[in-house]
Amino acid sequence: MGASGFTALGAAVQRPSLTILTNRSLLPLTDRPDLSVDGVGVQTASPYGDVVADPAHADVPVKRLRAPHGEQPGQAEPFLPPARGEKRLREVLALPDGVPNVVCVNLERPAVLPEIAARAAALVAGHGASDTALPDVAFGRARAEGRLPFELRYPTVPVEASPPDVPNGAEATLFPCGHGLEI
């Protein structure tokens, strides 16, 4: 463990680093909803709501995911496919209609997220923040001030079609560089 002052400072800067990508009138959460959590500890979530095991019985399922990615054969660098077959992605897409969910994707790198963005009532980008940062932001106890440091593309916009000497050069993006909502 680090020095307590540095640990507290690290925790404090994680909350504003979160980036709200979409919010379909869900955030900030209020009252004490029934929450199902995946990627957020039950002990972390229980001060905010009553934790239930089944996302179908939750008022708000909350999921933290890693950015979907895969390895392209013959390439040293990872590519970022739609990842439709990933179990975690299927779980997000399988939530019942009418159940508003919060999805936080840890963006270690750019990712292709149109399916998740379309399905999540609130989509949040994290950049390595702890699981305690997300509920604080989701319930309005902390303010997310993050902005995307790169663009997030649709899967049909290939990297090869962008100019090689222009960062963030795609003509059509799901979320442009610098995107971030305030709640």
Side-chain angles (χ1 to χ4, degrees), residues 11 14-69 80-108 110-148 151-155 173-176 178-183:
Q14 288 180 13
R15 285 147 182 81
S17 76
L18 293 177
T19 304
I20 308 294
L21 299 176
T22 63
N23 182 25
R24 294 181 181 89
S25 302
L26 179 63
L27 302 180
L29 297 170
T30 58
D31 301 324
R32 260 192 87 70
D34 288 342
L35 303 170
S36 69
V37 292
D38 185 355
V40 174
V42 171
Q43 288 182 328
T44 299
S46 61
Y48 299 89
D50 298 318
V51 179
V52 298
D54 187 351
H57 295 118
D59 297 319
V60 182
V62 178
K63 289 190 176 286
R64 285 185 58 212
L65 312 169
R66 292 185 62 132
H69 71 281
L80 305 164
R84 293 190 211 304
E86 279 195 20
K87 178 181 183 279
R88 307 276 286 160
L89 178 61
R90 286 193 315 264
E91 290 171 0
V92 171
L93 300 178
L95 286 171
D97 288 333
V99 178
N101 56 11
V102 176
V103 178
C104 181
V105 179
N106 185 29
L107 293 178
E108 302 164 339
V112 178
L113 306 172
E115 297 97 339
I116 295 173
R119 192 72 174 120
L123 179 58
V124 179
H127 306 282
S130 70
D131 68 343
T132 59
L134 180 60
D136 277 352
V137 167
F139 280 86
R141 296 182 185 178
R143 190 169 164 219
E145 300 174 8
R147 300 293 180 258
L148 280 178
E151 63 190 16
L152 298 180
R153 300 175 179 196
Y154 290 102
T173 59
L174 181 62
F175 299 108
H179 177 77
L181 303 175
E182 294 188 23
I183 59 167

4.5 Å side-chain heavy-atom contact, [X] and [Y]:
X: L65; Y: I116; value: yes
X: V99; Y: P55; value: no
X: L21; Y: H179; value: yes
X: L152; Y: L107; value: yes
X: V137; Y: I20; value: yes

Kindly give the heavy-atom pair with the smallest separation between [X] and [Y], and that separation in Å.
X: V51; Y: A45; answer: CG2-CB, 4.0 Å
X: S36; Y: A58; answer: N-CB, 3.6 Å
X: L148; Y: A125; answer: CD2-CB, 4.4 Å
X: E151; Y: T173; answer: OE1-CG2, 3.4 Å
X: C104; Y: G126; answer: SG-N, 3.9 Å
X: V40; Y: P135; answer: CG1-CG, 4.3 Å

Results of side-chain contact (heavy atoms from CB on, under 4.5 Å) for [X] - residues two or more places apart only:
X: T132; value: R15, T44, S130
X: R143; value: E145, E182
X: D31; value: none
X: A122; value: N23, L26, L27, V102

Which value, rounded to the nearest 0.5 Å, describes the distance between [X] atom [atom1] and [Y] atom [atom2]?
X: R24; Y: L123; atom1: CZ; atom2: CG; value: 8.5 Å
X: L113; Y: R153; atom1: CG; atom2: CZ; value: 13.5 Å
X: H57; Y: L35; atom1: NE2; atom2: CG; value: 15.0 Å
X: D38; Y: K63; atom1: CG; atom2: NZ; value: 4.0 Å

Self-check item: Pairs where residues 115-148 contributes a residue and the test ring pair (Phe, Tyr, Trp, His ring centres under 6.0 Å) is met, not counting sequence neighbours
Solution: Y48-F139
Ignoring hydrogens and angles, tell me if any N or O in the side chain of [X] forms a donor-acceptor pair with the backbone of [Y] under 3.5 Å.
X: D34; Y: D59; value: no
X: T19; Y: G180; value: no
X: D136; Y: A142; value: no

Self-check item: With R32 via salt bridge (charged side-chain N to carboxylate O under 4.0 Å, His left out) - residues at least two apart
Solution: D50
